[in-house]
Each structure stands twice: as C-alpha cells, then as structure tokens.
Student: 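One structure, pasted below without further comment.
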Amino acid sequence: MKREYEQATAVGNAPLRIRTRGRAVLSNPMTNRGTAFTEAEREALELDGLMPTAFTTLENQTQRVYEQFRSTKTMLGKFLTLNALRDRNEVLFYHLLSSHLEEMLPVVYTPTIGEAIERFSHTYNRPRGVFLSIDHPEKVEQGLRNYGLDAEDVDLVCVTDSEGILGIGDQGIGGIQIAIGKLSVYTAAAGVHPRRTIPIVLDTGTDNLGLLSSDMYLGERHARVRGERYDEFVDQFVQTVTKLFPHAMIHWEDIGTANAHRILERYRDEVCTFNDDIQGTAAVVLAALLAGVDVTGTSLDEQRIVIFGAGSAGIGIADLVKDQMLRTRAARTEEEAYSHFWPIGLQGLYVDDDDTLHDFQRVYARRREEVADWDVADPERIGLLDVIRNVRPTILIGTSTKGGAFTQEVVEEMARHNPRPIIFPLSNPTSRAEATPADILRWTDGKALVATGSPFEPVTHDGIRHTIAQSNNALIFPGLGLGVAACRATRITPGMIAAASQALAGLVNAWRPGAPLLPGIGDLRLVSATVAIEVARQAAKEGVAERPLTDPVQQVYERMWQPRYPKVEAI
Ligand SMILES: NC(=O)C1=CN([C@@H]2O[C@H](COP(=O)(O)OP(=O)(O)OC[C@H]3O[C@@H](n4cnc5c(N)ncnc54)[C@H](O)[C@@H]3O)[C@@H](O)[C@H]2O)C=CC1
Ligand SMILES: CC(=O)C(=O)O
Ligand SMILES: [Mg+2]
C-alpha cells in the first residue's frame, strides 16, 4: 500500500514528502497545514483556490485556534474542539497543546477525559485508533495492519480493555479515548512522534448496564467475556503486536484489577511491556513520597503507610516503596518491608483470612491475631478510621475511586498524631478524589503534605500559598516511552522503573513552605527528557537496550518530535 506521505519519522522532523494532491492533502491531518502552505507549496500540491489567499504562520494559526478554544464554554465542548482540530491538523493541535499545556492537559487528559469517555457513543463523529473485538479474533491481525504502519514505524501501542477507566469503572468501547489521551500526553510531554503510536481498545464486552441498554452504544453488546476466552484474546493480541511491530512497547491502561497484574506478570519477561496504573503510578508516587518524607525530617523506615483502595495502583505503589525500603536498607527483609503497610479495600483492612484477596494483595494482608485486640466498630470490616486510630499512620494514600472518603474526621485523626501528615488523594477524575487539598489543608491547619491525581488550584492557608503537586503517572510514562524508543529497549525492568522514579525525584525541590512535592505540569518536557535519559541508561546497564545510547542527552533530545511544520516536498 502506497502511503499518502512519507517521512523518515524515526528521526523526528525530517522533510515530509507528500504524494497526494489537492483536497486529499487538506483532509489528512498529518499533511494538512491549511493557510500555512506557502505560495510555492500550494502550487506544487495543487491547492490554489482551495483556501483563503492569505499566508499565515503556525504561531498565527495557534492564536486563532486558541481563541476558538477559549470561546468554547464547557469542558466537554473544549475537548471536542481540540479533537476536531487534531483530526484537521496534527501539528497545529500539538503546537497549541504544548503552548498551553497547563491549561489544556486537564482537557485532553484527567479530569475532562473521564466525561469524554462516558459520552463517547454520543459525541462520536470519526474514528481514531484501532478497535479489536473479542467476537472477531480472526480480524485482530488485519485490524492492526489496516492502521497502515510498518514494522519499523511503531514505537508504542497504548491499549485498554476499559474495565477500570480512571475511577469511573467499566466504560466499554469508550475507553479508546483514554488510549488516545495517554498518547497525546506522550507526544506533548516527551515528543514521541504522534504517527509512531497506536491507540487500541480491546472490546471484550461491558458489564455497564447503562451502556448495554443505550441505543447509542457503539461497542459489542454483551457482558464482559472473562476467563480462558479473554486470556486467549489478550494473548493473540500480544503475539500479533509483537509480530507486526517488533520494536513497540505495549502500554496497558486501565485494565481491571483482576487482569492487570496477571497480564503484567505473564508478559513482563517476554516482551517490552508496561502497566501504567501499576508501574507508572508507583514511580511518580514514590518520588513524591520521598520528597514528603524529607520535608517531615523523618526517614523511610519510620513510615507507617495506609493504602486506601489497595487495587492495581495502590498495590503497585506499595510494591515500589517496599523495594525502595529494601534497596536503601530501610527494611532488612521482605517481611519487615511488608509490615510498613496497611492495605484497605471495599471489605475494609486486608486480613490474612480473607480468601477474596488476589495473590498480589495477600502479601500485604495483616495477620488476624495482630488486629484481634483492636478497638473497632465492626471486627468483620475494619474501616479507615479504625486503622488510623490503631496504627497512627504517617502516610495516607488514596487510590480507591471513592470521592470524599478522606472526611474531616479522618484527616483530623491523621493530624492528631503527626506534625506533618502526608496525605495523597490520588483518585481520578476530580470527582473521585478522596478529598480536596483545600479541605485537607484547612482541617490540618496547613500542616499536611498533599499531592493529588487530578490538577487542583493552589491553596492559600495562613498566608502561605501551597502549590499542589499533581502526582500523576503523566510525569513518568512519556519519558519512559521516549527512553525505551530511543535505545530500543526490549524489556521494561524493575530497575528501569526505579530509574524513572529517581530521575523525577532528582528534579524536586520541596523545601520552601508551600512548595509542591513534584515538578509542575509546565515542566513536563524537561521531566520527560530527564526520565528518558535515565531509563535508557539503565536499560543499557541491564543489557536490554538494542541500541545503547552513546550520547544520551543529545540522542534523546534529537529524538523528540517538535510540533513544527517540516519542509514539504511534493513527490
Ligand atoms: N494519580 C495517578 O496517577 C493514578 C490514579 N489512579 C486512580 O486510582 C483509582 C484506582 O485505580 P486502580 O487502582 O486502577 O483501580 P482498582 O479497581 O484496581 O483499585 C481500586 C481499589 O479500591 C478499592 N475500593 C473501591 N471502593 C472502595 C471504598 N469505598 N473503600 C475502600 N476501598 C475501595 C477496591 O476494592 C480496589 O481494591 C482510580 O480513581 C484511578 O483514577 C490510578 C492510576 C494512576
Ligand atoms: C492517571 C491514571 O492512569 C488513572 O487515573 O487511571
Ligand atoms: Mg490509568
């Protein structure tokens, strides 16, 4: 198949060689540049007469679309405006996004993406990405081939089965938007080339009755397929991606709790694969926690950590913090490291006689004897307040999807026994945050060290302006993907995740009162490049880099795609 355009894409911004002419050039978002085509380009590409005569620059176009964005009233409307722009002109979309990252990330990513996913079947107007149905496993390979990319063309695929979208649960086919959103962040934050990535949804059905009973729903209309058939479908997907795109990293997003760990364990030693909710989240939260612990003047071995909502993200965080404890000798044995955590789920504190726990959760369960003499309201379900009163934790992490779960009573209890409690309500989107930073700071008289999953405005308390760190895996996955692509890593090792976290931690300066525990979204490109360099270095050290970098700073920098119009050649 002859493509409409050619570009030596692997090296960033090489000249774009356009094969089509006339309106076909304008209807492809990667070749279109609207009124920014010069007179000579218009002539060569047969565009004369197809647009207003004025020539405008990318900056001028960006100003125009920014005005359109600002005049759109609702957040979902802004999301759709940006989506439509991306479908018209990808360079302009990314130039706009990069120029206003702090303002627009909350639109293309959390929190607005949550609403866009819920409304997918209503707002749908043109396809983007690859949709693979469990009812048609025979079409998986053709579906991926039809996207039109060759073996050398793909750096990463972002795939979801939509069972655990953010904190809003099963969203069926609408989950494609989270894959698209994550890939936008890869490009805006790390300069991963937008045409070297593929967003994919595995449509395995949905248990969301609202979707199943809606006439508008665009996915397979049956309950989620589980068990052997699901596993076979996932396996077929992994094998096909590996065959067609041998250098692509597989990024798993928002897979349900029961499958996320299993899939990661199944493939981590076989292919280049990464679970963002488990590993990306852990890396960013570890960096924020270490910054917070530093500010409290205590050390890691003194921490008692409650994980409220100990599912994929929560246990991922515990695992990485546990490894950090072992590496830094804050704990001498695995058992000692596990003892620093108190995991809580819907059933209350995880206790070792609970046979509903998955294996990856069970290792953190507390012993029944240990809690037997606790003073609790209901020994069958030991709740968050019970745990805080009995354990006196220093750190409270929320990955529960339960908006408002950190009540005034809970937060005040944390402050009662801690001069500087560390409290991270990490659930997304904003409506699912376990508490707002303003409330936490008010209830703790400004003492708490706070980080959130979605963006929040700064809070002024007692004359101090607290900038709230957004502890979101967006500070990790773009750089990880860039580093992996730059050195052609064949695996994602625990060492590479730890290196990503350390790279991020190295950029934090949280000593000033009210300073955030992580770099801001405005620094995403710097953060991502730094993470990429360290990930590539670590991959080389561990022998999993096919092309170890000889000059990491220069090579990573060169690899970053810039949203600029490349030189055009009509071929
Ligand atoms: N800030 C960040 O970068 C990230 C944030 N998250 C957020 O964390 C939340 C959880 O995501 P996952 O771990 O992927 O989901 P998950 O479904 O694997 O885990 C959620 C856990 O919370 C528990 N839970 C649910 N309701 C609860 C309640 N009322 N009380 C106590 N526990 C409860 C569940 O039993 C489960 O163990 C989501 O809101 C998601 O947006 C997830 C990944 C990254
Ligand atoms: C940020 C993210 O991955 C989540 O909320 O699921
Ligand atoms: Mg996620």
Side-chain angles (χ1 to χ4, degrees), residues 3-42 44-45 47 50-52 54-69 78-101 103-105 107-109 126 128-129 148-149 153-155 180-181 183-199 478 482 485 524-525 528 557-571:
R3 227 155 321 116
E4 291 176 19
Y5 65 91
E6 284 173 10
Q7 191 180 24
T9 48
V11 291
N13 304 298
L16 189 68
R17 295 153 54 82
I18 300 179
R19 186 168 282 121
T20 51
R21 296 291 181 270
R23 289 199 300 178
V25 175
L26 304 181
S27 57
N28 182 327
M30 215 50 198
T31 53
N32 179 33
R33 60 182 64 174
T35 51
F37 278 118
T38 63
E39 207 179 320
E41 288 164 351
R42 291 181 199 196
L45 294 167
L47 300 173
L50 298 185
M51 66 182 80
F55 167 76
T56 54
T57 61
L58 178 58
E59 281 65 30
N60 187 256
Q61 288 179 306
T62 303
Q63 193 183 335
R64 184 174 305 107
V65 287
Y66 185 55
E67 279 173 20
Q68 291 164 8
F69 173 87
K78 287 179 194 288
F79 176 91
L80 296 172
T81 300
L82 290 181
N83 240 10
L85 172 61
R86 180 186 1 216
D87 287 340
R88 280 199 313 277
N89 181 339
E90 223 159 54
V91 170
L92 182 54
F93 166 78
Y94 279 111
H95 192 257
L96 176 71
L97 183 58
S98 309
S99 309
H100 301 276
L101 199 55
E103 182 177 0
M104 294 190 181
L105 206 68
V107 180
V108 297
Y109 191 50
R126 73 183 278 174
R128 175 171 282 270
L149 295 177
D153 294 343
V154 182
D155 290 334
I180 295 169
L183 291 177
S184 310
V185 182
Y186 270 105
T187 300
V192 171
H193 197 297
R195 280 297 158 108
R196 297 184 59 81
T197 66
I198 311 179
L482 177 64
L524 255 183
R525 262 182 114 89
S528 303
Y557 176 70
E558 277 173 4
R559 180 95 200 179
M560 290 172 91
W561 180 81
Q562 307 289 344
R564 294 266 155 215
Y565 292 130
K567 197 167 168 309
V568 162
E569 288 169 15
I571 53 169

Student: Rounded to the nearest 0.5 Å, how far does CD of Glu90 lie from OG1 of Thr187?
Tutor: 7.5 Å
Student: Can you name the nearest heavy-atom pair linking Pro566 to Pro15, along with the distance?
Tutor: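 Smallest interatomic distance, heavy atoms only, reads CB-CA, 4.5 Å.
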Student: Going through the checks in order, is the side chain to side chain contact (heavy atoms under 4.5 Å, CB included) test met by Arg64 and Thr56?
Tutor: CA-CA 10 Å; Arg64 184 174 305 107; Thr56 54; 3.8 Å; yes
Student: Side chains of Ile180 and Arg86, heavy atoms from C-beta outward: is any pair under 4.5 Å?
Tutor: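 Result yes, sub-4.5 Å side-chain heavy-atom pair found.
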Student: How long is the span from the CZ atom in Arg33 to the CD1 atom in Ile18, to the nearest 0.5 Å?
Tutor: 6.5 Å
Student: Near Arg23 CZ, under 6.0 Å, is it more than 12 heavy atoms from other residues, nucleotides or ligands?
Tutor: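 Atom CZ in Arg23 is not crowded, with 12 or fewer foreign heavy atoms closer than 6.0 Å.
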Student: Which value, rounded to the nearest 0.5 Å, describes the distance between Ile198 atom CD1 and Leu183 atom CG?
Tutor: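 So the CD1 of Ile198 and the CG of Leu183 are separated by 9.5 Å.
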Student: Do you know the tightest heavy-atom contact between Ser27 and Arg126?
Tutor: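 Closest heavy-atom pair between Ser27 and Arg126: O-NH2, 4.5 Å.
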Student: So, do Arg42 and Thr35 sit near enough that their side-chain heavy atoms are less than 4.5 Å apart?
Tutor: yes
Student: With a 4.5 Å heavy-atom cut-off, do Leu97 and Tyr94 have their side chains touching?
Tutor: yes
Student: Leu105 vs Leu524, test: side chain to side chain contact (heavy atoms under 4.5 Å, CB included). Steps then yes/no.
Tutor: CA-CA 11 Å; Leu105 206 68; Leu524 255 183; 4.1 Å; yes
Student: Which distance, rounded to the nearest 0.5 Å, do you find between the OG1 of Thr197 and the CG of Asp153?
Tutor: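 That separation rounds to 11.5 Å.
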Student: Within this structure, what is the CG-CD distance for the pair Leu85 and Gln61, rounded to the nearest 0.5 Å?
Tutor: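 Here the interatomic distance stands at 9.5 Å.
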Student: Asn32 versus Leu92: any side-chain heavy-atom pair under 4.5 Å?
Tutor: no
Student: What is the distance from atom CG of Leu58 to atom CZ of Arg564, rounded to the nearest 0.5 Å?
Tutor: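 Reported value, rounded in 0.5 Å steps: 5.5 Å.
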Student: Would you say the side chain of Val154 lies within less than 4.5 Å of the side chain of Arg196, judging by non-hydrogen atoms?
Tutor: no
Student: Is the backbone of Phe69 close enough, under 3.5 Å, to the side chain of Thr81 for a donor and an acceptor to pair up by distance?
Tutor: no
Student: Under 4.0 Å between a Lys/Arg side-chain N and an Asp/Glu carboxylate O for Glu4 and Arg195?
Tutor: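 No, this pair does not count.
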Student: Report the C-alpha distance between Leu482 and Met560 in whole Å, list the side-chain angles of each, state the deciding distance to 0.1 Å, and finish with yes or no for side chain to side chain contact (heavy atoms under 4.5 Å, CB included).
Tutor: CA-CA 8 Å; Leu482 177 64; Met560 290 172 91; 3.7 Å; yes
Student: Going by heavy atoms in the side chains, are Glu41 and Phe55 under 4.5 Å from each other?
Tutor: no
Student: Please give me the minimum heavy-atom distance between Arg525 and Trp561, naming the atom from each residue.
Tutor: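 It is NH2-O, 3.0 Å.
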Student: So, do Phe37 and Leu50 sit near enough that their side-chain heavy atoms are less than 4.5 Å apart?
Tutor: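 Contact flag for Phe37/Leu50 side chains = no.
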Student: Quick one: are His95 and Glu59 in side-chain contact, heavy atoms under 4.5 Å?
Tutor: yes
Student: Of all the heavy-atom pairs spanning Gly22 and Leu47, show the shortest one and how long it is.
Tutor: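 Smallest heavy-atom distance, with atoms named: O-CD2, 3.3 Å.
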Student: Considering the options Thr57, Asn89, Thr38, which one meets the side chain to side chain donor-acceptor pair (under 3.5 Å) requirement together with Tyr565?
Tutor: Asn89
Student: Inspect the surroundings of OH in Tyr66 and state if more than 12 heavy atoms from other residues, nucleotides or ligands are less than 6.0 Å away.
Tutor: yes
Student: Take Met51 and Leu26 through the test side chain to side chain contact (heavy atoms under 4.5 Å, CB included) and record every step on the way to the result.
Tutor: CA-CA 10 Å; Met51 66 182 80; Leu26 304 181; 3.9 Å; yes
Student: Looking only at heavy atoms, which two atoms of Ala190 and Pro478 are closest? And how far apart?
Tutor: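 Nearest heavy atoms, Ala190 then Pro478: CB-O, 3.3 Å.
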Student: Of the non-hydrogen atoms in Leu16 and Thr31, which two are nearest, and what is the gap between them?
Tutor: CD2-CA, 4.1 Å
Student: Just checking Gln63: does its CD atom have more than 12 heavy atoms from other residues, nucleotides or ligands closer to it than 6.0 angstrom?
Tutor: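 Open: at most 12 neighbouring heavy atoms sit under 6.0 Å from CD of Gln63.
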